Novice: 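First, the structure itself, so that you have it in front of you.
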Number of protein chains: 2
Amino acid sequence: MTLAYPLTDARTARPASALTDAFERHGVRMTYARNEEIYAQDDEVELLYQVARGVVRTSRLTADGRRQVGDFYYVGDLFGLEPGPDHRFAAEALAECEIMVVRRSAVRAIAGDAALDRAILEAQRLEMERLQDHVVMLGRKSARERVASFLMSIAQRGPDDHADLAMGRQDMADYLGLTIETVSRMLTQLQGEAIVDFPSSRRFQIRKWTALEALAA
Amino acid sequence: MTLAYPLTDARTARPASALTDAFERHGVRMTYARNEEIYAQDDEVELLYQVARGVVRTSRLTADGRRQVGDFYYVGDLFGLEPGPDHRFAAEALAECEIMVVRRSAVRAIAGDAALDRAILEAQRLEMERLQDHVVMLGRKSARERVASFLMSIAQRGPDDHADLAMGRQDMADYLGLTIETVSRMLTQLQGEAIVDFPSSRRFQIRKWTALEALAA
DNA sequence: GCCGCGCCTTGACCCGGATCAAACGGCCGC
DNA sequence: GCGGCCGTTTGATCCGGGTCAAGGCGCGGC
């Protein structure tokens with residue numbers, strides 16, 4: 001993802017500096033290569049993570065190899081906040097990433113840091129709301145609607161109407177509960193209707209916001 | 001739901017008495033008729049609820065009338081724990097219910113009640129894990145697998161292998177992201193294979209646990 | 001008993017999305 | 001510039017589950 005403006009948490013639209021400070025003071029900066037695993041499914045939950053550069057995806061593999069992507073995390077986002085004793089989703093770097101990492105115990109030790117506390121609660125809230133939306137989407141939306149919702153949510157992150165997809169078609173498909181072919185077809189279809197425009201396969205622009213909004217349902 | 005054993009929280013297998021006490025002291029007991037709304041989608045979050053009798057379902061309606069059921073809550077379960085300022089799912093009584101209700105502010109006032117705090121955290125953890133499982137199910141499982149998982153999860157609640165469905169086929173379908181006809185067909189199919197047995201439409205017994213487990217994936 | 005009403009099941013058909021297969025296109029190494 | 005590779009698109013076909021339309025069945029009212 002290209003950073004169009006200074007380091008802020010795009011999801012809360014609040015400066016992330018207080019949070020970032022806490023991570024700088026108490027945490028470690030790690031670098032992960034493309035597709036490298038940050039933590040595994042069933043790993044013990046003991047760390048808290050923040051994206052400093054790059055994009056992260058969480059995913060879960062079923063016994064027979066089907067994959068469901070949980071979510072994507074961008075610069076400033078906290079992740080790894082699962083409430084149970086171990087991770088039910090793995091986390092991987094979508095592209096080369098820098099991740100700030102702190103131990104849960106360190107978090108507890110510096111509890112009272114109001115900015116950090118607020119940020120964690122806020123991240124948990126977002127996590128849950130996105131899970132709820134994900135359930136509704138997977139349970140009740142058509143392929144076309146899922147793809148439209150996805151493009152909307154990406155586009156809403158940036159200030160202008162041009163946006164970059166950090167992930168490939170397979171990751172989109174596994175997030176949306178579809179196949180790669182269906183995702184591709186829906187994109188072609190939306191482009192054919194001049195609702196969106198893809199100058200390249202990873203970059204797009206929304207041409208008809210209202211049409212896309214109506215589809216996203 | 002028929003109570004097979006004394007009032008305990010079936011999901012945590014811990015006696016619910018301490019929790020129940022807190023609700024008795026600080027809360028109000030309410031009665032709701034079948035299909036009555038306990039809180040609405042978009043209502044402000046201000047209360048905390050516990051099922052004392054009956055079964056509750058949460059659901060969300062899209063603009064064009066499609067419905068997704070979030071989850072079902074049984075005797076002892078806490079619900080209404082959404083972290084945002086307002087409810088994204090409504091809650092309704094599946095059958096006649098008694099619900100213990102306390103204000104969030106009262107909860108804050110008696111914070112430090114260790115049993116209550118633990119119970120709330122535990123309920124939040126369960127909520128999130130069930131959302132995660134729901135996402136994987138809706139994203140990546142076939143109709144047959146979804147129905148099988150659902151029956152498994154119901155059966156696991158009770159001590160014996162006979163179980164009652166508190167909900168009708170439409171509620172199951174809306175939980176599983178299917179239609180009522182598909183749910184019915186899958187049940188007939190599983191019964192045809194002697195994996196489960198339905199002596200009546202709301203009561204069933206699992207005959208081949210391993211087969212069902214394999215299906216539930 | 002018998003009717004009526006809700007809920008559930010069954011059947012026939014259709015369609016959206018999966019599957020299988022091939023072609024396309026951007027990008028990197030040479 | 002030219003191959004080869006990987007990710008994406010496109011095409012043809014299939015099939016799981018949705019849709020539409022009848023029955024069946026249990027239950028309560030009369």
Side-chain angles (χ1 to χ4, degrees), chain A residues 33-35 55 57 62 64-69 94-95 137-151 164-193 196-204 215 217, chain B residues 33-35 57 62 64-69 94-96 137-151 164-193 196-204 215 217:
Chain A
R34 179 179 140 88
N35 287 324
V55 182
R57 111 191 130 231
T62 63
D64 60 348
R66 282 174 284 184
R67 191 176 75 139
Q68 177 66 46
V69 167
L94 252 190
M137 186 181 79
L138 295 174
R140 289 300 178 217
K141 287 190 189 172
S142 69
R144 193 175 152 82
E145 292 169 331
R146 294 183 202 187
V147 170
S149 312
F150 187 72
L151 293 182
D164 283 311
L165 293 173
M167 70 297 293
R169 299 290 187 265
Q170 188 63 60
D171 283 328
M172 272 198 251
D174 288 346
Y175 175 75
L176 298 173
L178 299 171
T179 60
I180 186 177
E181 293 97 329
T182 299
V183 169
S184 182
R185 275 186 252 272
M186 294 302 118
L187 291 175
T188 315
Q189 189 181 311
L190 291 173
Q191 196 171 16
E193 297 164 24
V196 296
D197 180 47
F198 276 80
S200 80
S201 79
R202 293 289 188 106
R203 187 164 181 74
F204 71 98
L215 262 180
Chain B
R34 179 180 140 85
N35 285 326
R57 115 191 126 231
T62 63
D64 60 346
R66 282 174 283 183
R67 190 175 74 139
Q68 177 65 47
V69 166
L94 253 190
E96 190 176 287
M137 187 180 77
L138 296 175
R140 289 299 178 216
K141 287 191 189 172
S142 70
R144 194 175 151 83
E145 292 169 331
R146 294 183 201 187
V147 170
S149 311
F150 187 73
L151 293 181
D164 283 310
L165 293 173
M167 71 298 293
R169 298 290 187 264
Q170 188 63 60
D171 283 328
M172 271 198 253
D174 288 346
Y175 174 76
L176 298 174
L178 300 171
T179 60
I180 186 176
E181 293 97 327
T182 300
V183 170
S184 182
R185 274 187 254 270
M186 293 302 118
L187 291 174
T188 312
Q189 189 180 311
L190 291 173
Q191 195 170 18
E193 297 163 25
V196 296
D197 181 47
F198 276 81
S200 81
S201 78
R202 294 289 188 105
R203 189 166 181 72
F204 72 98
L215 262 180

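Here is how names work: the chains are called A, B, and so on, in the same order as the sequence lines, proteins then strands, and each is numbered from 1. These figures come from a predicted structure and were not determined experimentally.
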Novice: Between residues 186-193 of chain A and DNA chain D, which residues have a heavy-atom gap below 4.0 Å?
Specialist: Thr188(A)
Novice: Verify side-chain contact (heavy atoms from CB on, under 4.5 Å) between Gln170(B) and Val69(B), making sure each step is shown before the conclusion.
Specialist: CA-CA 10 Å; Gln170(B) 188 63 60; Val69(B) 166; over 6 Å; no
Novice: What is the distance, to the nearest angstrom, from the CG atom on Leu94(B) to the P atom on dC7(C)?
Specialist: 12 Å
Novice: Show the distances under 3.5 angstrom between N or O atoms of the protein and N or O atoms of nucleotides 19-21 of chain D.
Specialist:
unit_1	atom_1	unit_2	atom_2	d
dT19(D)	O4	Arg185(B)	NH2	2.7
dC20(D)	N4	Glu181(B)	OE2	3.0

Novice: Round to a whole Å and report the spacing from CZ of Phe198(A) to C1' of dT8(D).
Specialist: 12 Å
Novice: Mind checking the CE-OG1 spacing from Met186(B) to Thr188(B)? Nearest 0.5 Å is all I need.
Specialist: 8.5 Å
Novice: Arg66(B) near the nucleic acid: base, sugar-phosphate alone, or nothing, with a heavy-atom cut-off under 4.0 Å?
Specialist: nothing
Novice: Check whether any side-chain N or O of Arg202(B) sits under 3.5 Å from a backbone N or O of Ala166(B) as a donor-acceptor pair, and report yes or no.
Specialist: yes
Novice: Rounded to whole Å, please give me the gap between CD1 in Ile180(B) and C1' in dT10(C).
Specialist: 13 Å
Novice: Is a donor on one side and an acceptor on the other found under 3.5 Å between the side chain of Ser184(B) and the backbone of Ile180(B)?
Specialist: no
Novice: Check whether Arg169(A) reaches the backbone of Ser201(A) with its side chain - one donor and one acceptor, N or O, closer than 3.5 Å.
Specialist: yes
Novice: When rounded to the nearest 0.5 angstrom, what distance separates CE in Met137(A) from CZ in Phe150(A)?
Specialist: 8.5 Å
Novice: Before you tell me yes or no, could you show the steps for Arg144(A) and Leu190(A) under side-chain contact (heavy atoms from CB on, under 4.5 Å), namely the whole-Å CA-CA distance, both residues' side-chain angles and the distance that decides it to 0.1 Å?
Specialist: CA-CA 8 Å; Arg144(A) 193 175 152 82; Leu190(A) 291 173; 4.0 Å; yes
Novice: Rounded off to whole Å, could you give me the CG-to-P distance for the Asp174(B) and dG18(D) pair?
Specialist: 11 Å
Novice: With a 4.5 Å limit on heavy-atom distance, are the side chains of Val147(A) and Thr182(A) in contact?
Specialist: no
Novice: Taking the side chain from Arg140(A) and the backbone from Arg66(B), do they hold a donor-acceptor pair closer than 3.5 Å?
Specialist: no
Novice: For DNA chain D, which residues of residues 137-151 of chain B approach it to below 4.0 angstrom with any heavy atom?
Specialist: Ser142(B), Ala143(B)
Novice: dC6(D) P sits how many Å from Asn35(A) CG, rounded?
Specialist: 13 Å
Novice: Rounded to the nearest 0.5 Å, what separates atom CD in Gln191(A) from atom CG in Asp197(A)?
Specialist: 5.5 Å
Novice: What's the CD-P distance between Gln170(B) and dT9(C), to the nearest Å?
Specialist: 13 Å
Novice: Would you check if the side chain of Arg146(A) reaches a backbone N or O of Lys141(A) as a donor-acceptor pair within less than 3.5 Å?
Specialist: yes
Novice: Does a side-chain N or O of Arg202(B) approach OP1 or OP2 of dG26(D) to a distance below 4.0 Å, or not?
Specialist: no
Novice: Distance check needed: dT10(D) C1' versus Arg169(A) CZ, whole Å only.
Specialist: 14 Å
Novice: Need one value for Ser201(B): base, sugar-phosphate or nothing, where a base atom within 4.0 Å counts as base even if backbone is also close, heavy atoms only.
Specialist: sugar-phosphate
Novice: Just how far, in rounded Å, is P of dT9(C) from CZ of Phe204(B)?
Specialist: 13 Å
